[in-house]
Student: 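Quick one: this structure, given as structure tokens, is what I'll be asking you about.
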Amino acid sequence: MPTDASNSLESASVPTPEREDENNPRHVAIIMDGNGRWAQKRFMPRAIGHQAGVKAVRKIVEYCANQKIEVLTLFAFSSENWRRPEEEVSLLMKLFLATLQREINKLDRNNIRLRFIGDRSKFSDKLQAKMAEGETQTKDNNALTLVIAANYGGRWDMCQAFQTVAKKIATGELVSQDVTEQLINQYLSTADLPEPDLFIRTGGEQRVSNFLLWQLAYTELYFTETLWPDFDQNSLEDAIKSFKSRQRRFGHTGEQLLAKTSILK
Ligand code: IPE
Ligand code: IPE
Ligand code: MG
């Protein structure tokens, strides 16, 4: 029986022609962690760490666009980050809005498509309007797709997909036998994107913190002690190098993969 995993293997072996290096990951997903500790190490307020984090984002986006990586997903604010002190949450919201106000035109000029995933209904009207404006303005761009996960949780994503499916079953548009992995995929917030190939978490913690839970099923995981504001082009190159050294088996044996490669040659 064909499985999702074997489909992934097929798609992983068929590079899109315009990619810089066919062994590069198509989709890189990053948990940008360590802003607070970066600032605290310097005896500065956490806010300074978040500002430095935005600078790191700019460089990494530029690098991914130059490398012709197709999708970069950045975890900017989790559904659990509302638990932080009110002052920090409010600072993060202001920084989010100010960054969008400053960067959208620049992203557009660089042919970058901006997307947001997460429950945006909790954000201020002004922020929601700016997010929608950014998405509309850049929707036809076809270089890098930059996905910002904001008020995002992997469990939220699955719940909202299941709710849509449940409604369709209730109205008779679907029957329970239609509920397959492929169908659920279609209702996730990442439906139109390739699955992440490479997951990176900076800041030394080795956990997923409710990021793309469903989508990470076969993603290669990479953890680094580097704090997010210090994460630069060299750090990303190290992560990509590690990714390229791995054999992605998707449940197959190593021998099967070697045989497949020799058939393709
Ligand atoms: C990540 O850095 C940024 C957000 C969660 C918004 P942190 O703020 O979590 O930094 P640390 O983990 O406290 O150092
Ligand atoms: C995860 O980082 C969320 C983002 C980077 C936006 P956290 O710093 O919030 O994660 P935990 O709380 O240490 O797991
Ligand atoms: Mg953290």
Side-chain angles (χ1 to χ4, degrees), residues 27-61 64 71-103 114-124 127-128 130-131 134 146-160 188-190 193 196 198-216 219 221-232 235-236 239:
H27 182 172
V28 178
I30 308 182
I31 298 188
M32 311 182 287
D33 196 19
N35 292 349
R37 279 165 286 161
W38 183 92
Q40 280 158 349
K41 259 173 61 180
R42 289 163 178 75
F43 306 102
M44 294 193 292
R46 294 175 61 86
I48 303 291
H50 293 310
Q51 282 166 10
V54 173
K55 284 191 190 152
V57 168
R58 224 180 275 136
K59 285 192 206 136
I60 293 303
V61 169
C64 288
V71 185
L72 173 67
T73 299
L74 299 176
F75 205 3
F77 192 86
S78 77
S79 44
E80 288 71 36
N81 285 144
W82 299 105
R83 297 172 184 162
R84 292 193 176 198
E86 212 178 298
E87 195 187 304
E88 179 163 346
V89 170
S90 145
L91 175 275
L92 286 168
M93 293 302 136
K94 280 192 198 125
L95 191 61
F96 191 18
L97 180 63
T99 305
L100 292 181
Q101 283 166 337
R102 207 180 41 236
E103 303 290 334
L114 181 62
R115 276 269 305 275
F116 297 95
I117 56 171
D119 178 4
R120 55 184 88 185
S121 67
K122 266 205 165 187
F123 294 133
S124 70
L127 185 49
Q128 288 189 50
K130 201 73 203 165
M131 290 162 81
L146 172 62
V147 182
I148 304 292
N151 192 20
Y152 179 86
R155 289 179 177 175
W156 165 84
D157 203 358
M158 286 193 250
C159 281
Q160 64 80 28
L188 291 171
S189 59
T190 50
L193 305 172
L198 172 60
F199 160 100
I200 300 170
R201 182 173 187 143
T202 64
E205 311 295 353
Q206 304 202 357
R207 55 177 172 256
V208 176
S209 299
N210 200 14
F211 196 26
L212 304 157
L213 299 179
W214 174 286
Q215 296 87 339
L216 292 176
T219 306
L221 307 180
Y222 181 88
F223 298 94
T224 170
E225 293 293 324
T226 305
L227 301 173
W228 175 252
D230 292 328
F231 192 83
D232 61 10
S235 322
L236 183 52

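Both ligands and their constituent atoms are indexed starting at 1 by order of listing.
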Student: Report yes if N35 has an N/O atom closer than 3.5 Å to an N/O atom of ligand 1; otherwise report no.
Tutor: yes
Student: Is any side-chain heavy atom of L114 closer than 4.5 Å to one of I148?
Tutor: yes
Student: Go through ligand 2 atom by atom and flag the ones less than 4.0 Å from a non-hydrogen atom of I31.
Tutor: 1 (C), 5 (C)
Student: Of the listed options (K41, R84, E205, E88), which comes nearest to atom 8 (O) of ligand 1 when hydrogens are ignored and any heavy atom counts?
Tutor: R84
Student: Looking only at N, O or S atoms, find the one in D33 nearest to the Mg ion (ligand 3) and name it.
Tutor: OD1
Student: Starting from atom 13 (O) of ligand 1, find the nearest protein heavy-atom neighbour and note its residue, name and distance.
Tutor: R46 NH2, 3.0 Å
Student: Measure the acute angle between the ring planes of Y152 and W156, then classify it against the limits of 30° and 60° as parallel, tilted or perpendicular.
Tutor: perpendicular
Student: Numbering the atoms of ligand 1 from 1, which are under 4.0 Å from a heavy atom of H50?
Tutor: 3 (C), 8 (O)
Student: Which residue holds the protein heavy atom closest to atom 1 (C) of ligand 1, what is that atom called, and what is the gap in Å?
Tutor: M32 O, 3.0 Å
Student: Hey, is ligand 1 close enough to F77 that some N/O pair sits below 3.5 Å?
Tutor: no
Student: Could an N or O of ligand 2 be found under 3.5 Å from any N or O of S209, whether backbone or side chain?
Tutor: yes
Student: Determine whether more than 12 heavy atoms belonging to other residues, nucleotides or ligands lie under 6.0 Å from atom CD of E205.
Tutor: yes
Student: For G34, state whether at least one heavy atom is located under 4.0 Å from any atom of ligand 1.
Tutor: yes
Student: Evaluate the ring planes of F211 and F199, with Trp represented by its six-membered ring, and classify them as parallel (under 30°), tilted (30 to 60°) or perpendicular (over 60°).
Tutor: tilted
Student: Show me which atoms of ligand 2 lie under 4.0 Å from any heavy atom of R207.
Tutor: 11 (P), 13 (O), 14 (O)
Student: Out of R37, E80, R201, whose heavy atom is nearest to atom 2 (O) of ligand 2?
Tutor: R201
Student: Could you say whether the N/O atoms of D33 and ligand 2 ever approach to under 3.5 Å?
Tutor: yes
Student: What I want to find out is whether R201 reaches D33 closely enough, with some N-O distance under 4.0 Å, to be called a salt bridge.
Tutor: yes
Student: May I ask you to decide if the ring planes of F116 and F96 are parallel, tilted or perpendicular, using 30° and 60° as cut-offs?
Tutor: perpendicular
Student: Do the side-chain N and O atoms of S189 and D157 include a donor-acceptor pair separated by under 3.5 angstrom?
Tutor: yes
Student: Tell me which protein heavy atom sits closest to atom 10 (O) of ligand 1, plus the residue, atom name and distance to 0.1 Å.
Tutor: G36 N, 3.0 Å
Student: Could you tell me whether R42 sits above the aromatic face of W38, with NZ or CZ closer than 6.0 angstrom to the six-membered ring centre and within 45 degrees of the axis?
Tutor: yes
Student: With a 4.5 Å limit on heavy-atom distance, are the side chains of E103 and R58 in contact?
Tutor: yes
Student: Does the side chain of H27 come under 3.5 Å of the side chain of Q215 through a donor N or O and an acceptor N or O?
Tutor: no
Student: Compute the minimum heavy-atom distance from A76 to ligand 1 and say whether it is under 4.0 Å.
Tutor: yes
Student: Does ligand 1 have a heavy atom under 4.0 Å from the side chain of N81, from its backbone, from both, or from neither?
Tutor: side chain
